[in-house]
Amino acid sequence: MEGFMDRHEFNILPEGCVSTILSFTSPQDACKSSLVSTIFQAAADSDVVWERFLPTDYQDIVSRSMVPFKFSSKKELFLLLCSSLLVDGGRKSFKLERSSGKKSFMLSARDLHITWSDESPYWHWASLPESRFSEVAVLRTMCWLEIVGMIKTQMLTPNTKYGAYLVLKITDRSYGLDLMPSEISVEVGNNQVSRNTAYLRLAKEHARKKQMESLFYGNRMQVLKSRVAEGEGRVPSERDDGWLEIELGEFFSGENDEEVKMSLMEVKGHHLKGGLIIEGIEVRPKH
């Protein structure tokens with residue numbers, strides 16, 4: 001194309017020069033460029049390129065891994081980090097986004113503040129084969145639901161828009177979870193940047209249940225909902241890993257190190273609820 005060097009002109013450049021150029025692109029672009037020529041392939045595989053795509057704290061992340069792993073190049077390390085990696089004693093999961101190299105974390109249920117989660121009449125801890133973590137929190141029965149996760153923006157990729165997602169399951173014997181909406185929010189530092197409401201129910205049941213509530217509970221439901229801040233009434237969506245997730249909100253990870261507080265609360269209905277399984281809260285880049 002006019003304005004760009006053709007393949008022959010690129011081929012006369014030193015491999016180191018090509019590597020430097022590719023290091024200013026993205027992991028996805030570097031992989032595509034390896035198809036151009038043998039010089040591009042060698043340059044695209046070089047440590048110069050992949051060192052730049054790795055997060056600056058990658059050595060710290062590797063040292064926190066539960067399972068030691070070996071790698072022969074920075075590209076191999078990058079690809080290993082694109083698979084979920086348990087860190088911090090198995091209480092968190094770390095992953096790099098393959099196309100951009102941006103960081104994602106999931107805080108396990110053990111890494112969250114779940115009110116009365118260590119009181120056996122209300123919650124119990126269980127192992128599920130489909131969970132990446134050794135334990136998940138299972139709600140038996142209680143009237144006060146409060147789930148809070150905290151993460152420092154310094155742990156994340158700077159200047160990136162993130163979403164926070166509660167990862168959960170709703171059992172066949174669940175009850176009371178969606179009688180009234182839960183309040184969800186995200187705060188960065190002392191500022192509340194996102195606030196909304198959510199129903200802990202399956203999306204396919206949402207329309208039918210709303211109709212039934214209006215028909216049978218009309219005025220009572222309006223009184224209950226008046227206690228809660230207005231919001232969309234989000235419902236969980238299905239994930240590729242078999243779990244459900246509900247977006248708690250979004251925030252921007254800037255240059256300053258600030259604490260992000262992500263929460264779901266239903267403390268105003270004062271009714272019993274049960275049948276909720278919490279795997280954790282995932283924080284990942286939004287596009």
Side-chain angles (χ1 to χ4, degrees), residues 26-28 30-31 50-114 125-138 147-158 160-170 186 236-251 253 260 262 264 276-287:
S26 69
Q28 187 175 47
C31 289
W50 293 94
E51 175 85 27
R52 188 175 179 90
F53 296 153
L54 286 166
T56 55
D57 60 346
Y58 74 87
Q59 292 178 326
D60 175 61
I61 292 167
V62 169
S63 71
R64 290 155 55 192
S65 170
M66 286 284 290
V67 180
F69 52 88
K70 296 180 180 180
F71 52 92
S72 58
S73 68
K74 295 297 172 60
K75 180 179 180 180
E76 185 180 356
L77 173 60
F78 179 91
L79 295 176
L80 286 170
L81 293 178
C82 289
S83 301
S84 292
L85 178 72
L86 289 178
V87 297
D88 297 347
R91 295 172 72 99
K92 293 184 184 70
S93 175
F94 170 83
K95 186 177 182 180
L96 284 183
E97 191 176 70
R98 187 181 291 265
S99 61
S100 67
K102 292 182 178 181
K103 296 191 281 185
S104 297
F105 278 94
M106 183 185 284
L107 314 181
S108 70
R110 279 292 188 189
D111 225 24
L112 307 178
H113 169 76
I114 304 175
W125 293 91
S127 297
L128 291 183
E130 62 266 36
S131 175
R132 71 189 69 192
F133 301 113
S134 61
E135 290 180 301
V136 296
V138 182
I147 302 167
V148 179
M150 311 285 280
I151 193 169
K152 293 278 194 177
T153 55
Q154 190 177 40
M155 294 173 60
L156 306 172
T157 302
T160 300
K161 185 179 181 181
Y162 275 91
Y165 304 83
L166 180 66
V167 181
L168 60 117
K169 283 183 182 287
I170 298 172
V186 172
S237 58
E238 294 185 10
R239 292 165 53 98
D240 292 337
D241 59 9
W243 289 80
L244 300 173
E245 69 177 22
I246 193 158
E247 185 177 336
L248 302 177
E250 59 185 38
F251 63 94
S253 175
V260 182
M262 308 154 287
L264 179 143
L276 178 67
I277 303 174
I278 301 297
E279 186 181 36
I281 292 179
E282 185 174 51
V283 179
R284 65 175 187 259
K286 294 196 72 172
H287 300 285

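In this chain, numbering begins with 1 at the start of the sequence shown.
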To the nearest 0.5 Å, tell me how far Leu276 CG sits from Leu168 CG.
6.0 Å
Nearest heavy-atom neighbours spanning Pro285 and Ser104
CD-OG, 3.2 Å
Ser253 to Leu156 - nearest heavy-atom pair and separation:
OG-CB, 3.9 Å
Test side chain to side chain contact (heavy atoms under 4.5 Å, CB included) on Glu130 and Trp243; report intermediate values, then the result.
CA-CA 9 Å; Glu130 62 266 36; Trp243 289 80; 3.9 Å; yes
Which residues satisfy the side-chain contact (heavy atoms from CB on, under 4.5 Å) test with Met66, sequence neighbours excluded?
Leu86
For Gln154, the side chain to side chain donor-acceptor pair (under 3.5 Å) test, sequence neighbours excluded, returns none
For Asp88, the salt bridge (charged side-chain N to carboxylate O under 4.0 Å, His left out) test, sequence neighbours excluded, returns Arg64, Lys92
Note, Ser73 side chain near Phe78 side chain (heavy atom, < 4.5 Å):
no
In this structure, CZ of Phe94 is separated from SG of Cys82 (nearest 0.5 Å) by 8.5 Å
Who pairs with Ser127 by side chain to side chain donor-acceptor pair (under 3.5 Å), at least two apart in sequence or on another chain?
none
Of all the heavy-atom pairs spanning Ala164 and Val186, show the shortest one and how long it is.
CB-CG2, 4.3 Å
Which residues pass the side chain to side chain donor-acceptor pair (under 3.5 Å) test with Glu97, not counting sequence neighbours?
Ser100, His287
Find the distance between OG (Ser237) and CG (Leu244) and round it off to the nearest 0.5 Å.
7.5 Å
Checking Asp57 now: which residues fulfil salt bridge (charged side-chain N to carboxylate O under 4.0 Å, His left out) with it, not counting sequence neighbours?
Lys103
Residues passing the salt bridge (charged side-chain N to carboxylate O under 4.0 Å, His left out) test with Arg284, sequence neighbours excluded, are Glu245, Glu282
Considering the options Leu166, Val136, Leu264, which one meets the side chain to side chain contact (heavy atoms under 4.5 Å, CB included) requirement together with Ile278?
Leu166
Applying side-chain contact (heavy atoms from CB on, under 4.5 Å), can you list everything that pairs with Val62, at least two apart in sequence or on another chain?
Phe69, Leu77
List in chain and number order the residues that pass side chain to side chain donor-acceptor pair (under 3.5 Å) with Lys74, two or more places apart in sequence or in another chain; answer none if no residue qualifies.
Glu51, Tyr58
For Lys286, give me all partners under side-chain contact (heavy atoms from CB on, under 4.5 Å), at least two apart in sequence or on another chain.
Lys161, Tyr165, Glu247, Glu250
Here the pair of heavy atoms bringing Ile114 nearest to Ala137 is CD1-CB, 3.9 Å
Closest non-hydrogen atom pair, Ile61 against Pro55:
CD1-CG, 4.2 Å
Drop me the distance from Lys75's NZ to Phe53's CZ, to the nearest 0.5 angstrom.
10.5 Å
List in chain and number order the residues that pass ring pair (Phe, Tyr, Trp, His ring centres under 6.0 Å) with Phe133, two or more places apart in sequence or in another chain; answer none if no residue qualifies.
none
If you define the side chain from C-beta out and look only at heavy atoms, does anything of Leu54 sit under 4.5 Å from Leu81?
yes
Please step through side chain to side chain contact (heavy atoms under 4.5 Å, CB included) for the pair Ile147 and Met262, ending with a clear verdict.
CA-CA 8 Å; Ile147 302 167; Met262 308 154 287; over 6 Å; no
Is any side-chain heavy atom of Val283 less than 4.5 Å from a side-chain heavy atom of Phe251?
yes
Please report the closest heavy-atom contact between Gly280 and Leu112, naming both atoms and the distance.
CA-CD1, 4.1 Å
Would you indicate whether the side-chain heavy atoms of Glu279 and Arg132 approach each other to under 4.5 Å?
yes
Across all chains, not counting sequence neighbours, the side-chain contact (heavy atoms from CB on, under 4.5 Å) partners of Arg110 are Arg91, Ser108, Asp118, Trp125, Glu135
Okay, side chain of Tyr162, backbone of Thr157: is any donor-acceptor separation there less than 3.5 Å?
yes
Return the CG to CG distance between Leu96 and Leu80, rounded to the nearest 0.5 Å.
10.5 Å
With distance as the sole test, does Thr160 use its side chain to make a donor-acceptor pair with the main-chain N or O of Pro158 at under 3.5 Å?
yes
